[in-house]
Amino acid sequence: MAVNSLSRVLPPLEPRSDPSHRTSIPRIPSPTRRVTTHRFLSGGSISSLILRFPPNFVRQLSTKARRNCSNIGVAQIVAASWSDDDQGTCKGRGSKMGGGSGGAVAAAVGGVVEPMSEIGDDAAVGDGVEGENGAVKVGNEEGLGFLKGDGSIAIHGGERVGRALITDAITTPIVNTSAYFFKKSDDLIDFKEKRRQSYEYARYGNYTTSPLEQKISLLEGTESTLFVASGMYASIVMFLALVPPGGHIIITTDCYRKTRMFIENFLLSHMEIKATVIDPADIEGLKSSLAENNVKLFFSESPTNPFLRCVDIQLVSKLCHEKGALVCIDGTFATPLNQKAYALGADLVLHSATKYISGHNDVLGGCISGSEALVSKIRNMHHVFGGTLNPNASFLILRGMKTFKLRVQKQNETALRMAYLLEGHPKVKHVYYPGLPSHPEHELSKRQMSGFGGVVSFEIDGDLNITKDFVDALKIPYIAPSFGGCESIVDQPAIMSYW
């Protein structure tokens, strides 16, 4: 009964020997207005229907699908080139779309697309020159010329081209192994004498971690990157590898507490290293310390924790290099998207990848980038200490970086709005955010950053208990340490860090 009733509506489908584009599609006859398909299409039972199709029905559908969807690939290419094309991106809040494909798409969608500031699209095009709005351009890796901006590099860098592990998987596989084997002893000798590329032992490298290191090197514009178990470990192994016993370092007053604790409790007391502490903006103090001491290393966050002070990276690097001192900038609060410290002159750039780079509050990791010579020194020390990043953690960070640009761009926008809102509130005493004109390094941060980050520090007009009541009254943020993830987080340093 079901087949017969259906046959009154649909004519029998006959095989076509040549599904030409000009062949007309069979029309459904409609001799009367009483069509039984109405009930069939509106949710009637079809469990008893037996549909019979001609032998080439699938081929016919495939041909029609190719014909009807042939323009989809073009649309995807237009969208991709628009997002990374200098002439198609927005160069500031409220700016108009440029020409080229971006302008065409913008014209097509009309007012549907809301303009917003772009980050990172000026990067990875030039060779260490300054771009618009202080964005610094860095050089292209060989074979990656098609990646025109940081958004594309964060997705494809280290994975689309040059991945050591040969696979046709889109994502980088997790290689859970503690050791690597060699087919014969001569292969091992070739590896030891650097004629063969491999790892030997998992503490020295991993095929899941190496694409991650390449990706960060491309974003930072550096020759090499080392990924390790945490950002704090990256700081420790960097200090121990580059500052000899009895050496001298310069650090800034505003600094991550655990870094300061390591300097005070280990470097100063156990290694007899001396330290000069200056304000992030104290250039005269920097000059004086460089003149009076044999300084080996200048180390500072920029922006700093928690007051988000900014160091003039270009000027500090120039002064330090004149005296033979290295410069390491902890750019965790900035990210490689908002700030290119290496192109500004720093020798090393350090990140806690736990924060913005992974971006999902589910993994620990750290990295340090710079020249091959410097990173190799740190890597050799790391091979002894063994603070290795787990390959599963590497995979999570790689996955998180697929949305790196989108996340940081939105965090920049939200934080700036939040900073202005808080600054205008009568119960807020002070707001610390580089994007505010009231910030002491606002003009500097505009020159050397393309975005100001997703962290806003502020003081409530009250004591510890009033501030505690404010924190407890918030509905969305979690009371927790860390930052840079998708979830909003709030913490009161007097309790979280110094209790």
Side-chain angles (χ1 to χ4, degrees), residues 119 154 216 219 229-235 252 254-260 280 300-310 329-339 341 349-367 393 396-397 399-401 403-422 428 430-436 439 445 449-460 467 470-472 474-499:
I119 59 173
I216 294 296
L219 287 173
S230 71
M232 190 64 231
Y233 175 82
S235 299
T252 52
D254 202 19
C255 179
Y256 177 49
R257 181 174 175 243
K258 297 298 182 182
T259 304
R260 187 168 61 250
S300 179
E301 302 161 6
S302 188
T304 62
N305 181 1
F307 293 114
L308 305 177
R309 301 290 303 280
C310 295
I329 297 296
D330 184 336
T332 300
F333 275 77
T335 79
L337 301 182
N338 287 331
Q339 180 175 275
V349 187
L350 187 146
H351 292 280
S352 170
T354 306
K355 312 304 192 295
Y356 292 105
I357 290 176
S358 62
H360 289 79
N361 291 319
D362 58 0
V363 64
L364 294 177
C367 61
L396 289 175
I397 298 173
R399 182 212 57 187
M401 291 193 70
T403 58
F404 193 20
K405 178 184 173 181
L406 297 175
R407 288 186 286 102
V408 172
Q409 185 169 303
K410 193 62 181 177
Q411 286 165 323
N412 287 343
E413 295 175 0
T414 304
L416 185 60
R417 292 178 61 188
M418 182 67 68
Y420 275 109
L421 184 150
L422 290 169
V428 175
H430 195 84
V431 179
Y432 306 91
Y433 188 69
L436 293 177
H439 190 277
S445 61
M449 300 177 73
S450 57
F452 306 112
V455 175
V456 180
S457 297
F458 58 98
E459 297 179 32
I460 296 293
T467 305
F470 165 80
V471 170
D472 292 345
L474 297 173
K475 301 299 183 184
I476 294 178
Y478 292 93
I479 301 176
S482 197
F483 58 90
C486 297
E487 296 83 5
S488 296
I489 283 177
V490 63
D491 83 78
Q492 191 173 353
I495 298 176
M496 184 69 70
S497 302
Y498 295 95
W499 191 256

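In what follows, residues are counted from 1 in the order of the sequence shown. Keep in mind that this is a model prediction, so the values were computed, not measured.
- Proximity of a side-chain donor or acceptor of Asn338 to a complementary backbone N or O of Ser450 within less than 3.5 Å is not detected.
- Atom CG in Asp330 sits 10.5 Å away from atom OG1 in Thr304 (nearest 0.5 Å).
- Here the side chains of Thr403 and His360 are in contact, with some heavy-atom distance below 4.5 Å.
- Atom CG of residue Leu421 and atom CG of residue Leu416 lie 11.5 Å apart, to the nearest 0.5 angstrom.
- Here side chain to side chain donor-acceptor pair (under 3.5 Å) pairs that include residues 475-492, with residues two or more places apart or in two chains, are Asn361-Glu487.
- The minimum heavy-atom distance between Val456 and Ala415, with the atom names listed, is CG2-O, 3.5 Å.
- Contact of the Leu219 side chain with the Phe404 side chain is registered, since non-hydrogen atoms from C-beta on lie closer than 4.5 Å.
- Contact check for Pro477 versus Ile489: no side-chain heavy atoms found under the 4.5 Å cut-off.
- Residues Ser358 and Ile397 approach most closely at CB-CG1, 3.9 Å, considering heavy atoms.
- Judged purely by atom type and a 3.5 angstrom limit, Ser457 uses its side chain to pair as donor or acceptor with the backbone of Pro306.
- Taking the centre of each ring, Tyr356 and Phe483 come in below the 6.0 Å mark.
- You'll find the side chain of Ile479 reaches within 4.5 Å of the side chain of Val490, heavy atoms only.
- With values rounded to the nearest 0.5 angstrom, Ile357 atom CD1 is found 8.5 Å from Leu337 atom CG.
- Residues forming a ring-ring contact (aromatic ring centres under 6.0 Å, His included) with Phe452 (at least two apart in sequence, or on another chain): none.
- Here the CZ atom belonging to Phe333 is positioned 12.5 Å from the CD atom belonging to Gln339, to the nearest 0.5 angstrom.
- Between Ser497 and Arg257, the closest heavy-atom pair is O-NH1, 2.6 Å.
- Rounding to the nearest 0.5 angstrom, the gap separating the SG atom in Cys255 from the CZ atom in Phe307 is 13.0 Å.
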For Leu350 and Ser235: C-alpha separation, side-chain torsions, deciding distance, then whether side chain to side chain contact (heavy atoms under 4.5 Å, CB included) applies.
CA-CA 7 Å; Leu350 187 146; Ser235 299; 3.6 Å; yes

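- In terms of modelled atom types and a separation under 3.5 Å, the side chain of Thr332 and the main chain of Ser352 share a donor-acceptor contact.
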Glu459 vs Tyr432, side chain to side chain contact (heavy atoms under 4.5 Å, CB included): CA-CA, chis, key distance, verdict
CA-CA 9 Å; Glu459 297 179 32; Tyr432 306 91; 2.3 Å; yes

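- Scanning both residues, Gln411 and Gly485, for their nearest heavy atoms gives NE2-O, 3.1 Å.
- Separation of atoms CZ (Arg399) and CG (Asp362) is listed at 5.0 Å; rounding is to 0.5 Å.
- Nearest approach of Tyr498 to Arg260, heavy atoms of both residues: OH-NH2, 3.3 Å.
- Minimum heavy-atom separation, Gly435 to Tyr420: O-OH, 4.1 Å.
- Here the side chain of Ser230 pairs no donor or acceptor atom with the backbone of Gly365 at under 3.5 angstrom.
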